[in-house]
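Everything below concerns the one structure shown next.
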Amino acid sequence: MYQLWKDLERLKRCRWIELSHPLNNESPYWGGIPDGAVDLSRTVFDWGNDMLDCLIQTFKFPGQFGTHIDFPGHFVKGRELSEKYGVRDMVYPLVVIDISDKVKEDVHYAVTVEDIKAYEEQYGDIPDGAFVALRTDWGKRWPSMDAVCNFDKDGGEHTPGWSMEALKYIYEERNAAANGHETLDTDASALAERAGDLACERYVLGSGKLQVEVLCNLDQVPPAGAIVIAAFPPIEGATGLPVRVWAIAPEQED
């Protein structure tokens, strides 16, 4: 038996957890994207065609659609785009910081350095090159655009997210490789409004790091000990792309 095949058998006994939302033509996306930007599964070659009896569809969507990855060039002119990243760049140790209870009390909650240090006291330091995911349980609001954005009567958004201090800690103190979250934006909405910009997202991408937005099922992943894999088609020059993201977690103990 070849060793990699043995390794695969062992991995398949682990828990594999889907972290991406399914998509259709009604799925939420950032409000600044023009109407008509999404057109999924349009049939252009149907069954019964005399040339070849098969089905072919077309798919039109923005790079930042559904569960998606952002490359640095999304927010910083001249920075790295999709072609910079190969398959070895898309596998990480997975860290899940759970602030879901605090979000229940305050939908504007932004994760703090103290939250992360409390995590580290229990599970150990964030490892070098980790993917740090922020669990808010916001993904359970999918697929309602109103619920995901949590609009008020004036159209303002009210969502939790990252703080600048927390991001600087995971990147500058712990050398994480990427971060992820369940919301449409990196920044907690109150912080973004105060800054007049998505300053946290700009910091992440300006630092040459990656992020995955609109994750789901983080409540099914252990806080530490899993790995995460993100896959996207090798489309050159993309600022972002929808991704299939999954975690591989240790088998549950009896």
Side-chain angles (χ1 to χ4, degrees), residues 17-23 27-31 64-70 92 94-120 122-123 126 130-152 156-171 174 176 178-195 198-204 209-224 226 228 230 243 245-247 249:
I17 302 151
E18 175 71 68
L19 301 182
S20 304
H21 289 287
L23 295 171
S27 296
Y29 53 87
W30 180 61
Q64 283 69 33
F65 179 51
T67 304
H68 65 270
I69 190 168
D70 287 329
Y92 312 92
L94 177 59
V95 166
V96 180
I97 308 293
D98 182 3
I99 60 167
S100 58
D101 285 343
K102 294 181 178 180
V103 170
K104 289 177 184 176
E105 300 297 323
D106 177 10
V107 296
H108 301 106
Y109 191 80
V111 64
T112 66
V113 173
E114 288 70 29
D115 293 326
I116 298 173
K117 287 184 175 180
Y119 167 93
E120 291 185 316
Q122 186 170 1
Y123 300 104
I126 292 170
F131 183 105
V132 184
L134 186 62
R135 177 187 163 190
T136 58
D137 286 351
W138 212 254
K140 296 177 181 180
R141 293 171 173 251
W142 187 274
S144 167
M145 183 68 172
D146 286 348
V148 167
C149 293
N150 199 24
F151 292 123
D152 61 29
E157 297 184 22
H158 300 274
T159 60
W162 290 94
S163 69
M164 184 68 76
E165 293 76 18
L167 287 168
K168 286 185 174 181
Y169 182 81
I170 68 168
Y171 286 123
R174 292 292 182 252
N179 66 277
H181 40 273
E182 298 169 79
T183 49
L184 289 176
D185 292 317
T186 315
D187 308 53
S189 60
L191 297 182
E193 184 177 6
R194 194 177 309 155
L198 293 175
C200 289
E201 182 163 355
R202 199 171 299 281
Y203 164 77
V204 171
K209 304 294 185 175
L210 300 174
Q211 66 169 16
V212 176
E213 301 192 292
V214 204
L215 291 165
C216 65
N217 296 332
L218 289 174
D219 58 330
Q220 299 179 32
V221 182
V228 65
V243 287
V245 185
W246 64 98

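For clarity, every value in this text was computed on a predicted model and none was experimentally measured.
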> Can any side-chain N or O of H108 pair as donor or acceptor with the backbone N or O of D106 at less than 3.5 Å?
Replying inline: no
>> Rounded to the nearest 0.5 Å, what separates atom CD1 in I17 from atom CG in N217?
In response: 8.0 Å
> Roughly how far, to the nearest 0.5 Å, is the OG1 atom of T136 from the NZ atom of K104?
Replying inline: 11.5 Å
>> For D70 and V204: C-alpha separation, side-chain torsions, deciding distance, then whether side-chain contact (heavy atoms from CB on, under 4.5 Å) applies.
In response: CA-CA 10 Å; D70 287 329; V204 171; over 6 Å; no
> Which heavy-atom pair separates A249 from P222 by the least distance, and what is that distance?
Replying inline: CB-CD, 3.6 Å
> T183 versus V214: any side-chain heavy-atom pair under 4.5 Å?
Replying inline: no
> Step by step, would you call R135 with D219 a side-chain contact (heavy atoms from CB on, under 4.5 Å)?
Replying inline: CA-CA 7 Å; R135 177 187 163 190; D219 58 330; 3.5 Å; yes
> Atom CD1 of I99 and atom CD1 of I97: how far apart are they, to the nearest 0.5 Å?
Replying inline: 9.5 Å
> Is K117 salt-bridged to D115, going by a charged N under 4.0 Å from an acidic O?
Replying inline: no
>> Working note: Y203 + Y171, criterion side-chain contact (heavy atoms from CB on, under 4.5 Å); need CA distance, chi angles, decisive distance, verdict.
In response: CA-CA 10 Å; Y203 164 77; Y171 286 123; 3.8 Å; yes
> At their closest point, which heavy atom of A224 faces which heavy atom of Y123, and how far apart are they?
Replying inline: CB-CB, 4.1 Å
>> With a 3.5 Å distance limit and no angle check, can you tell me whether Y119 reaches the backbone of P223 through a side-chain donor-acceptor pair?
In response: yes
> Strictly by modelled atom types, are D98 and S100 linked by a side-chain donor-acceptor pair under 3.5 Å?
Replying inline: yes
> Taking W138 for the side chain and V148 for the main chain, is one N or O donor matched with an acceptor at less than 3.5 Å?
Replying inline: yes
> Under a 4.5 Å cut-off applied to non-hydrogen side-chain atoms, are L184 and E213 in contact?
Replying inline: no
>> On a heavy-atom basis, which atom in V245 and which in V212 lie closest, and how many Å separate them?
In response: CG2-CG1, 4.1 Å
>> Under 3.5 Å, is there a donor on one side chain and an acceptor on the other for T112 and E165?
In response: no
> Quick one: do R141 and E182 make a salt bridge, cutoff under 4.0 Å?
Replying inline: no
> Is there a donor-acceptor contact under 3.5 Å from the side chain of D187 to the main chain of S189?
Replying inline: no
> Is there a side-chain contact between V107 and T159, using heavy atoms and a 4.5 Å cut-off?
Replying inline: no
>> Contact between K102 and Y109 at the side-chain level, heavy atoms closer than 4.5 Å - yes or no?
In response: yes
> Out of curiosity, T186 OG1 to L191 CG, how far, rounded to the nearest 0.5 Å?
Replying inline: 11.5 Å
> Is the count of non-hydrogen atoms from other residues, nucleotides or ligands lying under 6.0 Å from E18 atom CD greater than 12?
Replying inline: yes
> Between H181 and W162, how do the two ring planes meet: parallel, tilted or perpendicular, split at 30° and 60°?
Replying inline: perpendicular
> Hey, which of L210, V96, N179, L94 is the one that makes side-chain contact (heavy atoms from CB on, under 4.5 Å) with F131?
Replying inline: L94
> Under a 4.5 Å cut-off applied to non-hydrogen side-chain atoms, are I126 and I116 in contact?
Replying inline: yes
> Would you say the side chain of P28 lies within less than 4.5 Å of the side chain of W142, judging by non-hydrogen atoms?
Replying inline: yes
>> S20 vs W246, test: side-chain contact (heavy atoms from CB on, under 4.5 Å). Steps then yes/no.
In response: CA-CA 7 Å; S20 304; W246 64 98; over 6 Å; no
>> Rounded at 0.5 Å granularity, tell me how far OG in S163 sits from OH in Y169.
In response: 12.5 Å
>> Do E193 and E157 make a side-chain contact, defined as non-hydrogen atoms from C-beta onward lying under 4.5 Å apart?
In response: no
> Measuring from H68:NE2 to Y29:OH, what's the distance to the nearest 0.5 Å?
Replying inline: 13.5 Å
